[in-house]
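Remarks on the structure that follows.
Given the structure is predicted, the values throughout are model-derived calculations rather than measurements. All residue numbers in this chain count up from 1 along the given sequence.
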Amino acid sequence: MDFVAGAIGGVCGVAVGYPLDTVKVKIQTEPKYRGIGHCVWDTYRRERLRGFYRGLSLPVCTVSLISSVSFGTYRHCLAHICRFRYGSPDAKPAKTDITLSGFASGVVRVFLTSPTEVAKVRLQTQTQQWRPSASGPSAAPPMCPAPPAGSVPGPKYRGPLHCLATVAREEGLRGLYKGSSALLFRDGHSFATYFLSYTILCEQLTPAGHSQPDVLGVLLAGGCAGVLAWAVATPMDVIKSRLQADGQGQRRYRGLLHCVVTSVREEGPRVLFKGLTLNCCRAFPVNMVVFVTYEAVLRLIRGLST
């Protein structure tokens, strides 16, 4: 039941949040953008609405599997921990149990999400031209070499599958898992925060005499849990995006630590929080939808099975 409910909830969530995710990735990987408004206007001016949905087809096709694995892994780990510690999978778990199960959920999903994240980031950023500004040595060098004068080359990647095939051919299996170390750090502790905060908020929002909150309580708990999770995930999300985008043209980063040091040296510590506001604004409605859909599907399945 948790695998099915998680799959449906994940698809609904990605449909709501993808345009803002595109803006977030562009802000994190392109220094030329002065803020959210500038990025939105520039993307719309260059590519219209289509630009906000670049690379969407692959996440929609895969997010059901990934979300299913996330929620299913969390529930199964929690059940096994409760059986081991308390003798019954239905026992009330401690906060530590929830945190460990959430962490395991985040770790497991990395193996599935890394290739799709690489394709998504490459497609979202491939139309950008990195140009050094006149601001001095702190300006970022171009990631993509400028095309010859008079030529207008087409996009390197024609779609998600073509992107994956091109990356695999040019960069090997390592290319498909580029940035997976940052992704591991991002998802491990963020999913621990995600499930723990959702559980605590649901307990606080459950009316007296009831076993679970009403729809409004689930919406509020899910939205707040998403915001808290992205608040702790954003620094590694910035590094992940930069590592995954770093394959178009000249290579800048030798690894996770080099990317962190280079980014902070060139743009200051604030670079690690690029996209934080956007992540939190996107996380609230997306995770409201994810959790309310997840809980509704669980109730429907339980009702049909009784």
Side-chain angles (χ1 to χ4, degrees), residues 2 6 9-10 13-14 17 21 24-25 28 63 66-82 85 93-118 120-121 177-203 221-244 255-261 263-264 269-284 286-288 290-291 294:
D2 290 286
V14 77
D21 183 71
K24 179 263 297 184
V25 168
Q28 289 177 340
V63 74
I66 294 168
S67 184
S68 172
V69 167
S70 298
F71 279 88
T73 300
Y74 167 73
R75 289 294 183 184
H76 279 268
C77 282
L78 195 59
H80 283 294
I81 290 173
C82 288
R85 293 189 64 183
K95 300 298 186 291
T96 305
D97 306 329
I98 296 168
T99 302
L100 288 174
S101 300
F103 183 85
S105 169
V107 170
V108 168
R109 63 180 272 127
V110 169
F111 298 100
L112 296 173
T113 57
S114 188
T116 60
E117 286 278 322
V118 169
K120 177 178 72 71
V121 169
Y177 282 88
K178 200 174 185 68
S180 58
S181 54
L183 192 61
L184 184 66
F185 283 111
R186 186 196 77 173
D187 284 356
H189 66 280
S190 68
F191 271 82
T193 302
Y194 186 55
F195 286 110
L196 178 62
S197 57
Y198 177 73
T199 302
I200 292 174
L201 288 167
C202 280
E203 290 176 355
C224 291
V227 170
L228 290 171
W230 273 108
V232 301
T234 294
M236 277 297 112
D237 187 55
V238 173
I239 301 305
K240 184 271 304 179
S241 294
R242 292 187 170 211
L243 288 171
Q244 291 177 334
L256 186 149
L257 185 59
H258 181 244
C259 182
V260 172
V261 172
S263 298
V264 171
R270 291 180 61 184
V271 69
L272 297 177
F273 297 94
K274 271 192 169 185
L276 175 60
T277 301
L278 194 58
N279 273 338
C280 292
C281 290
R282 178 176 66 94
F284 195 86
V286 167
N287 289 284
M288 281 173 59
V290 168
F291 271 109
Y294 171 76

From [X] atom [atom1] to [Y] atom [atom2], the distance as rounded to the nearest 0.5 Å:
{"X": "Q244", "Y": "I239", "atom1": "CD", "atom2": "CD1", "result": "11.5 Å"}
{"X": "R282", "Y": "N279", "atom1": "CZ", "atom2": "CG", "result": "5.5 Å"}
{"X": "K240", "Y": "T234", "atom1": "NZ", "atom2": "OG1", "result": "11.0 Å"}
{"X": "R109", "Y": "S68", "atom1": "CZ", "atom2": "OG", "result": "11.5 Å"}
{"X": "I200", "Y": "L228", "atom1": "CD1", "atom2": "CG", "result": "9.5 Å"}
{"X": "L243", "Y": "C259", "atom1": "CG", "atom2": "SG", "result": "4.0 Å"}

Inset, instruction - Would you check if D187 and V107 make a side-chain contact, meaning some heavy-atom pair closer than 4.5 Å? - result: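 Result no, sub-4.5 Å side-chain heavy-atom pair not found.
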Inset, instruction - With the side chain counted from C-beta on, respond yes when W230 and F284 share a heavy-atom pair under 4.5 Å apart, and no when they do not. - result: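 Side-chain contact under 4.5 Å: no.
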Inset, instruction - Would you please classify the geometry between the F291 ring and the Y294 ring as parallel, tilted or perpendicular, with 30° and 60° separating the classes? - result: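 Answer is perpendicular, since the angle exceeds 60°.
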Inset, instruction - If the plane angle is over 60° it's perpendicular, under 30° parallel, otherwise tilted; pick one for Y194 and F191. - result: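 Y194 vs F191 ring planes: perpendicular.
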Legend entry - Backbone N/O of A229 and side chain of T193: donor-acceptor pair under 3.5 Å: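 Side chain of T193 to backbone of A229, a donor-acceptor pair under 3.5 Å: no, none is there.
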Legend entry - Donor-acceptor under 3.5 Å (T99 side chain, K95 main chain):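 The answer is yes, because a donor-acceptor pair under 3.5 Å joins these two groups.
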Inset, instruction - List the steps, then state whether side chain to side chain contact (heavy atoms under 4.5 Å, CB included) holds for S101 with I81. - result: CA-CA 8 Å; S101 300; I81 290 173; 3.5 Å; yes
Legend entry - Residue of the set R186, R242, K274 for which side chain to side chain donor-acceptor pair (under 3.5 Å) holds with D237: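 By the side chain to side chain donor-acceptor pair (under 3.5 Å) criterion, D237 pairs with just one of R186, R242, K274: R186.
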Legend entry - Greater than 12 external heavy atoms within 6.0 Å of F185's CZ: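 No, CZ of F185 has 12 or fewer neighbouring heavy atoms, counting only those of other groups under 6.0 Å.
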